[in-house]
Amino acid sequence: MFSKILIANRGEVAVRIIRACKEMGIETVAVYSEADENSLPVALADERICVGGNAATDSYLNQRNIISAALASNAEAIHPGYGFLSENPDFAALCEEKGIIFIGPDSNVLRTMGDKDHSRQLMKEIGVPVVPGTEILHDVQEAKRLAAEIGYPILVKATAGGGGKGIRVVEREEDLEDAFLSASREAENAFGNGDVFLEKYLTSVRHVEMQVLADAFGHIVCLGERDCSLQLNKQKVLEETPCPIMTEEIREKMMAAAVKAAKAANYVNAGTVEFLLAPSGEFYFIEMNTRLQVEHPITEEISDIDIVKWQIRIACQIPLDFTQEDIHLHGHAMECRINARSTGTLDFLHVPGGSRVHFDTALVQDGLIAPYYDSMIGKLIVYAANREDAIRKMDVALCEMVIHGIDTNIEDQLRLLRSENFKKGKYHTLSLPGILTEGGSELE
Ligand code: ADP
Ligand code: ADP
Ligand code: MG
């Protein structure tokens, strides 16, 4: 096993990884930006190294400084968390070159599966259904011609996109040119690659994703699904597992498709295969996330498998010690992402507790919420024997949480939880904005 791991991330996920390392007897090195000097992961880690200024490009995306920190501290491996460098093939290649183990798939896999056009082609070759669409477009004229064939509404999607960036919905041909150019520009700025393609825009679909774990010896298991349909601006807000409308038949097919996808990609480590599930029961691959997912804890709750620890073991060439038959998914788990809606100092913080309620966060009393990074400040996770009990538990936990000094989305999460459609499990990827406005009166 590794004796020391550097965590190239911040916030709740850095804390999550440090805890896993400690439980495994592995020493940890935190890297941080100036703004994060007094943060929880920096305090919890065995060693700490400042890698730059507040802008992510100066610190958490500063590949040279992070590699230097790993070499200086004799860390054998780097865990990239999610976001930042986690899906960056150049960074993984740099680690490989410097003899440091990147905890994730190798740089070639990151390159193929991180590119939506590539991964779509690969899925087509192996017979996993993809959303009808095109390959990378050469120009707006080609886009117009192909969009007319597919039919509106369509999506312009950046092949390098992530985190909801580089996606535009187009209802009519006259809006296509602007969408094409702005999606391309956004992706060029965010990911250094402005290539875009078209996908049919599916409505009334659910976002259902499958968690896989693949070791270095060709064993692949699937830990079931997560329903992440409740989104604002293409970003997930509340996730649950199992998916409320899943049937055994669809689950079996979707799990098989996810395992097939991982196998075809020569995938090693933890990964997530995302699908859109139509009311007919048909489902379509949209992308593979080649990293730890924000919502991984709900899968851990229902599978009793620690995904982060397995990421570390897999990177250390340890084979999975269980097979698909050993996995017994049970109960119901839910995660509410708690987002900051302002910056400020946390002058009072109370975190809910209770059996199978936990709050993954790096928040501390008197801590500062700075504007430089993602607005997600924590994840409230509950587990119960069934969905109804999980909803009640989440409601109690959300009511108990007190965060003073900044604005948050806690009230919105309660509104969602108490809405009739959510309680019935009736929702799709476009439901949340409506639920939040309609649900308004229920809380008053
Ligand atoms: P998940 O499916 O795990 O929720 P998200 O797409 O919401 O994944 O992204 C998780 C985190 O990573 C978010 O903080 C998001 O801003 C960030 N992120 C996602 N993709 C990228 C990317 N390509 N580059 C930088 N950050 C990203
Ligand atoms: P990202 O890399 O930013 O996560 P995705 O391709 O996973 O991008 O899409 C993000 C979200 O956008 C999905 O979860 C889904 O809600 C919506 N979406 C993506 N593709 C389609 C599509 N073809 N039709 C309808 N909605 C889509
Ligand atoms: Mg996605």
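Whatever order the structure lists them in is the order used to number ligands and atoms, beginning at 1.
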Check your understanding: Does the gap between the ring centers of Tyr32 and Tyr60 come in under 6.0 Å?
Key -> no

Check your understanding: Taking only heavy atoms of Glu199, which atoms of ligand 2 are found under 4.0 Å from at least one of them?
Key -> 20 (N), 21 (C), 22 (C), 23 (N)

Point to revise | Pair Arg16 + Asp306, salt bridge at N-O below 4.0 Å | key: yes

**Study point:** Under 4.0 Å to a heavy atom of Thr429 - the qualifying atoms of ligand 2, by number
**Key:** 16 (O)

**Study point:** Where ligand 2 meets Lys234 - atom numbers and elements under 4.0 angstrom, heavy-atom basis
**Key:** 11 (C), 12 (O), 17 (C)

Practice item. Please work out which of Glu87, Lys200, Met288 has its closest non-hydrogen atom nearest to atom 23 (N) of ligand 2. Key: Lys200

Practice item. Please lay out, stage by stage, how Tyr152 and Glu173 fare under the test side chain to side chain contact (heavy atoms under 4.5 Å, CB included). Key: CA-CA 8 Å; Tyr152 289 85; Glu173 188 181 286; 3.5 Å; yes

Practice item. Could you pull out, from Leu430, Val205, Asn233, Leu155, the option with a heavy atom nearest to atom 18 (N) of ligand 2? Key: Leu155

Point to revise | Distance filter under 4.0 Å to Gly161 heavy atoms, resulting ligand 2 atoms | key: 2 (O)

Check your understanding: What part of Ile286 sits under 4.0 Å from ligand 2 if we count only heavy atoms: the side chain, the backbone, both or neither?
Key -> side chain

Check your understanding: For Ile167, is at least one N or O under 3.5 Å away from an N or O on ligand 2?
Key -> no

Review point. Is any N, O or S atom of Glu274 under 2.8 Å away from the Mg ion (ligand 3)?
Key: yes

Check your understanding: For Asp90, does the CG atom have more than 12 heavy-atom neighbours from other residues, nucleotides or ligands under 6.0 Å away?
Key -> yes

Check your understanding: Looking only at heavy atoms, what is the nearest atom pair of Val308 and Glu300, with distance?
Key -> N-OE2, 3.7 Å

Check your understanding: Are Arg415 and Asp412 within salt-bridge range, i.e. N to O under 4.0 Å?
Key -> yes

Revision key, fill the gap. The Mg ion (ligand 3) -> Glu287, closest N, O or S atom is OE2

Exercise for review: Name all residues meeting the salt bridge (Lys or Arg N to Asp or Glu O under 4.0 Å) criterion together with Asp395; count only those two or more places apart in sequence or in a different chain, and write none if there are none.
Suggested key: Arg418

Review point. Can you list the atoms of ligand 2 that are under 4.0 Å from a heavy atom of Glu274?
Key: 7 (O)

Exercise for review: Report the part of Lys116 in contact with ligand 2, treating N, CA, C, O as backbone and CB onward as side chain, heavy atoms under 4.0 Å; options are side chain, backbone, both, neither.
Suggested key: side chain

Practice item. Determine whether the side chain, the backbone, both or neither of Leu276 has a heavy atom under 4.0 Å from any heavy atom of ligand 2. Key: side chain

Exercise for review: Apply the side chain to side chain donor-acceptor pair (under 3.5 Å) test between Thr299 and each candidate in Arg226, Glu209, Gln211; give the one that qualifies.
Suggested key: Arg226

**Study point:** ring pair (Phe, Tyr, Trp, His ring centres under 6.0 Å) partners of residues 418-438, not counting sequence neighbours, each pair once
**Key:** Phe422-Tyr427

Check your understanding: Would you say Val131 has any N or O atom under 3.5 Å from an N or O of ligand 2, going by distance alone?
Key -> no

Review point. Is it true that the side chains of Thr429 and Arg206 contain a donor and an acceptor less than 3.5 Å apart?
Key: no

Study note, to complete from the structure: Quick note on ligand 2: atoms under 4.0 Å from a heavy atom of Gln231 include exactly 11 (C), 13 (C), 14 (O), 15 (C), 16 (O)

